[in-house]
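One structure is given here, and the rest of the page talks about it.
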Amino acid sequence: MRDIPKLPEPPYADYDSPEIKVGVFSKAFPSLAFYCRVSRAVFKAARTAKQGNFTDAEWYHDAWLIRDAFENTGSTISIKGTEHIAKLEEPCVFIGNHMSTAETFMLATMILPYCPVTFVIKQALMDYPVFKHVMRTRDPIVVGRVNPREDLKAVMGGGQERLKAGTSIIIFPQKTRSDNFNREGFNTIGVKLAKRAGVPVIPLALKTNAWSNGKKFKDFGPFRPHEDVHFEFGAPLRIEGSDKQAHEAVIEFIESRMKQWGVGVEGGE
């Protein structure tokens, strides 16, 4: 395994996976090899979190272990658009599609070098075995996904509070993770939060279906090393006037990247 970098000072360049020789075991049993690597990283992070020592630097380091798990099991990673984060002079709302568990782990390695960040997450992640210890240290905004009115209240209140304190927010405005992108299931809550708080939006398109969603246990689907991983950040959008225009711009950015990466797009013309 490569040495994991420490939390760097900006500037932080875009990234493409180097050539990595995949071991015989990983080639023969990719899912087993991948989940062994992920489990080690998660248990390490949870142990540190329970001890009260899970800093941003620890989060960055352990998120890199997940990136290593992808690359050492045969998948390649491409990250683009980090210059848009580098130019920010204030916190923002990152709005992206949600494809797998991967982005919850990996985004820290892309954003933390520039700014503090946390997530809008569902309550289930706060109760998830082992991983709950990590998420509780990140001061996330928690929604129940049962009462939309209460969820909106939580996001608006908690989001503005964190943004005012200088922490950016990552939000996935979909009901559930999906291999495809469907604009009809992509709500406006992220744009509403950014407008209310007076901060910009950064669109985020991602393809992480190498870590597939399982049928019985959603977080543990087969690992698919032939699927490349992509993350791309768009230019900041300042919301002036109607938030519908900004919402449409986010959707168009994501749809364009999905088509470029060969991902299915639904709900458009």
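Starting from 1, each residue takes its place in the sequence as its number. Any value given below was found using the heavy atoms of this structure, including those in side chains, with hydrogens, waters and symmetry copies removed.
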Open item on the list: For Ser26 and Arg37: C-alpha separation, side-chain torsions, deciding distance, then whether side-chain contact (heavy atoms from CB on, under 4.5 Å) applies.
Closed with: CA-CA 11 Å; Ser26 294; Arg37 292 184 173 108; 3.1 Å; yes
Hey, could you give me the [atom1]/[atom2] distance between [X] and [Y], rounded to the nearest 0.5 Å?
X	Y	atom1	atom2	answer
Asn72	Phe34	CG	CZ	11.0 Å
Asp16	Glu19	CG	CD	13.5 Å
Phe253	Ile95	CZ	CD1	12.0 Å
Phe181	Ser256	CZ	OG	10.0 Å
Glu161	Asp139	CD	CG	7.5 Å
Thr104	Phe172	OG1	CZ	5.5 Å

Is it true that [X] and [Y] have a side-chain N and a carboxylate O under 4.0 angstrom from each other?
X	Y	answer
Arg40	Asp68	no
Asp62	Lys44	yes
Arg183	Glu252	no

- [ ] Quickly, which of Val250, Ile171, Val155, Ile170 forms a side-chain contact (heavy atoms from CB on, under 4.5 Å) with Val93? Name it, please.
- [x] Ile171
Task: Residue pair Arg138, Asp56: steps toward the salt bridge (Lys or Arg N to Asp or Glu O under 4.0 Å) verdict - done: CA-CA 9 Å; Arg138 300 297 91 200; Asp56 280 355; 2.7 Å; yes
Do [X] and [Y] come within less than 4.5 Å of each other through their side chains, counting heavy atoms only?
X	Y	value
Val134	Val42	no
Arg177	Thr101	yes
Phe233	Ile111	yes
Arg47	Val130	no
Tyr60	Pro113	yes
Trp59	Val117	yes
Phe94	Ile85	yes

Measure from the side-chain N and O atoms of [X] to the backbone N and O of [Y], and report whether any donor-acceptor pair falls under 3.5 Å.
X	Y	answer
Ser100	Thr208	yes
Thr48	Phe54	no
Asn213	Gly221	no
Ser168	Cys92	yes
Thr109	Met106	yes
His247	Phe186	yes
Trp64	Ala108	no

- [ ] With side-chain contact (heavy atoms from CB on, under 4.5 Å) as the test, would you mind laying out the steps for His98 and Leu206 before giving the verdict?
- [x] CA-CA 8 Å; His98 200 9; Leu206 56 88; 5.8 Å; no
Open item on the list: side-chain contact (heavy atoms from CB on, under 4.5 Å) for Val263 and Asn209? Distances and angles first, verdict last.
Closed with: CA-CA 10 Å; Val263 176; Asn209 57 342; 5.6 Å; no
Is [Y] reachable from [X] through a run of I, L, V, M, F, W or Y residues, each pair having side-chain heavy atoms under 4.5 Å apart?
X	Y	value
Met126	Ile141	yes
Val38	Leu32	no
Leu125	Ile169	yes

Task: Phe70: which of Phe231, Phe223, Tyr35 passes ring-ring contact (aromatic ring centres under 6.0 Å, His included) - done: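 Going through the options one by one, the only one that passes is Phe223.
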Task: Step-by-step salt bridge (Lys or Arg N to Asp or Glu O under 4.0 Å) determination, Asp243 to Arg196 - done: CA-CA 10 Å; Asp243 53 11; Arg196 183 81 62 87; over 6 Å; no
Task: Partner residues of Glu232 under the salt bridge (charged side-chain N to carboxylate O under 4.0 Å, His left out) criterion, sequence neighbours left out - done: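 Checked Glu232 against salt bridge (charged side-chain N to carboxylate O under 4.0 Å, His left out); matches are Arg257.
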Flag yes if more than 12 heavy atoms outside [X] fall under 6.0 Å of its [atom1] atom; otherwise flag no.
X	atom1	result
Lys132	NZ	yes
Phe29	CZ	no
Gln260	CD	yes

Open item on the list: Per the ring-ring contact (aromatic ring centres under 6.0 Å, His included) rule, what does the pair list look like for residues 115-161, sequence neighbours excluded?
Closed with: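 Those involving residues 115-161 are Phe105-Phe131.
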TODO: Apply the test side-chain contact (heavy atoms from CB on, under 4.5 Å) to residues Glu58 and Asn53: give CA-CA distance (whole Å), side-chain angles for both, the deciding distance (0.1 Å), then the verdict.
DONE: CA-CA 8 Å; Glu58 288 288 339; Asn53 299 320; 5.8 Å; no
- [ ] Step by step, work out the side-chain hydrogen bond (donor to acceptor under 3.5 Å, both in side chains) result for Thr118 and Arg162.
- [x] CA-CA 9 Å; Thr118 191; Arg162 287 158 179 78; 5.5 Å; no
TODO: Answer with yes or no whether the side chains of Asp228 and Thr76 bring together a donor and an acceptor at under 3.5 Å.
DONE: yes
